[in-house]
Amino acid sequence: MLLQGKKALILGLANNKSIAYGIAHAFKEQGARLAFNYVGDAIKKRVEPLSEELGGEFTFQCDVTDDAQIQAAADLVKEKWGGVDILVHSVAFANREDLSGRFLDTSRAGFHLALDISAYSLTGICRAFEPLLHDGSSVLTMTYHGSTKVIPGYNIMGVAKAALEASVRYLSYDLGEKGVRVNALSAGPIKTLAASAVSGLKNIFTRVEEHAPLRRNVTTADVGGAAVFLASELSHGVTGEVIYVDSGFSQLGI
Ligand code: NAD
């Protein structure tokens with residue numbers, strides 16, 4: 001029970017295929033207390049039964065593009081829990097038309113939207129939740145290898161993930177002063193709602209199976225296991241890192 005009694009706030013659960021679901025499941029098995037956000041009524045209807053299944057204590061609306069909603073979430077969590085031990089940011093979005101074709105054709109508005117939701121939101125959330133974080137708290141976000149290498153079709157999301165990973169390093173510096181750690185997990189491709197929008201990911205699953213050192217794709221449970229490590233005291237000395245959970249695919253030079 002590596003997370004016994006720890007209060008874990010999970011942003012980004014959409015359905016039972018979500019990486020956030022795998023993380024929440026692994027956290028629950030290690031004794032964590034859970035709460036989840038949702039965005040809008042359609043996702044609320046899917047999140048509430050999943051929260052119940054996972055023993056979540058409460059759910060709340062929080063669209064990360066809206067500072068007022070982020071602050072309201074922080075106020076609610078303060079009232080319910082007083083503090084947060086683990087904060088998971090598993091949120092990303094880009095317009096579908098910006099996830100195929102040429103990166104060169106990304107519009108200014110599409111760029112802003114993807115960077116706002118997928119990168120800036122981590123900083124906005126960390127700032128609003130800073131008073132609830134304490135020595136030993138762990139913040140986790142989700143990234144992908146398209147941040148450092150070209151994955152055709154990943155396009156604007158690769159640029160957003162590069163900004164997200166740099167944000168992890170700067171946030172780890174700012175929050176490290178009070179003992180709060182900030183890390184990212186770089187997951188290999190997993191079939192989720194968000195991934196289905198990325199044209200470039202369609203062929204990559206077989207490539208991973210054929211060529212990755214482990215010869216298989218990763219699962220949300222694999223990501224959940226690494227998330228338990230980063231959320232627990234086992235990783236007390238680890239911050240500002242991007243840890244790959246990708247069957248070793250990113251290590252290939254061919
Ligand atoms: P998902 O669709 O299950 O989760 C994405 C979540 O982002 C959803 O819950 C959605 O509601 C949320 N979201 C979108 N816009 C939002 C907004 N404005 N405010 C608040 N929440 C918002 O897909 P997923 O694959 O589990 O994605 C989770 C994270 O993992 C993302 O950051 C994604 O980029 C990252 N990731 C995914 C893969 C993959 O192959 N699936 C690989 C590496 C990293």
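For ligands, and for the atoms within them, numbers begin at 1 and follow the listed sequence.
Taking every heavy atom of A14 and a limit of under 4.0 angstrom, the matching atoms of ligand 1 come to 3 (O), 8 (C), 9 (O). Close approach of ligand 1 to I43 (heavy-atom distance below 4.0 Å) involves ligand atoms 11 (O). Under a 4.0 Å criterion applied to the non-hydrogen atoms of L13, ligand 1 contributes the atoms 9 (O). Ligand 1 places these atoms under 4.0 Å from at least one heavy atom of V39: 19 (N), 20 (C), 21 (N), 22 (C). Heavy-atom contacts of S90 reach the following atoms of ligand 1: 5 (C), 6 (C), 7 (O), 28 (C), 29 (C) (cutoff under 4.0 Å). Numbered from 1 in the order shown, with element, the atoms of ligand 1 that lie under 4.0 Å from a heavy atom of A195 read 40 (O), 41 (N). Atoms of ligand 1 found under 4.0 Å from any heavy atom of P189 (numbered from 1 in listed order, with element): 40 (O). Close approach of ligand 1 to D63 is summarised as follows: ligand atoms under 4.0 Å from at least one heavy atom of the residue are 17 (C), 18 (N), 19 (N).
The heavy atom nearest to atom 31 (C) of ligand 1, out of those in G188, A194, S18, A92, is found in A92. When I19, L185, V64, N217 are ranked by how near their heavy atoms come to atom 26 (O) of ligand 1, first place goes to I19.
With no hydrogens or angles considered, no side-chain donor-acceptor pair links E165 and Y144 at under 3.5 Å. A donor-acceptor contact closer than 3.5 angstrom links the side chains of D85 and H134. Side chain to side chain, Q69 and Q61 meet the donor-acceptor criterion of an N or O pair below 3.5 Å. A donor-acceptor contact closer than 3.5 angstrom links the side chains of D75 and Q71.
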Would N183 and I243 satisfy side chain to side chain contact (heavy atoms under 4.5 Å, CB included), going step by step from the backbone distance to the final call? CA-CA 8 Å; N183 291 288; I243 295 183; 5.6 Å; no
Set out, in order, the CA-CA distance, both residues' side-chain angles and the distance that settles side-chain hydrogen bond (donor to acceptor under 3.5 Å, both in side chains) for S172 and R181, then state yes or no. CA-CA 6 Å; S172 74; R181 298 181 296 110; over 6 Å; no
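The pair D105-R102 meets the salt-bridge criterion, with a side-chain N (NZ, NE, NH1 or NH2) lying under 4.0 Å from an Asp/Glu carboxylate O.
Among all protein heavy atoms, the one lying closest to atom 13 (N) of ligand 1 is V91 CG1, 3.8 Å. Scanning all protein heavy atoms for the shortest distance to atom 44 (C) of ligand 1 gives T143 O, 3.0 Å. Looking only at protein heavy atoms, the nearest one to atom 15 (N) of ligand 1 is I117 CG2, 3.7 Å. The shortest contact between atom 35 (C) of ligand 1 and any protein heavy atom is with M142 CB, 3.7 Å.
Counting heavy atoms under 4.0 Å from ligand 1, residue C62 touches it through the backbone alone. With a 4.0 Å cut-off on non-hydrogen atoms, T192 touches ligand 1 through its side chain and not its backbone. Here K161 has side-chain heavy atoms under 4.0 Å from ligand 1, and that is the only part of it that gets that close. Neither the backbone nor the side chain of T141 comes within contact range of ligand 1; no heavy atom lies under 4.0 Å.
Partner of M142 under the side-chain contact (heavy atoms from CB on, under 4.5 Å) criterion, out of I23, L122, L164: I23 alone.
In this structure, the separation between OG on S90 and CD1 on I10 is 8.5 Å, given to the nearest 0.5 Å.
Checking only distances, I190 does come within under 3.5 Å of ligand 1, N or O to N or O. Between G12 and ligand 1, at least one N/O pair is under 3.5 Å apart.
Both tests hold for K191 against F205: distance to the six-membered ring centre under 6.0 Å, angle to the ring axis within 45°.
When side chains are defined from C-beta on, I43 counts as touching R46, because their heavy atoms get closer than 4.5 Å.
The aromatic ring centroids of F249 and H211 lie 6.0 Å or more from each other.
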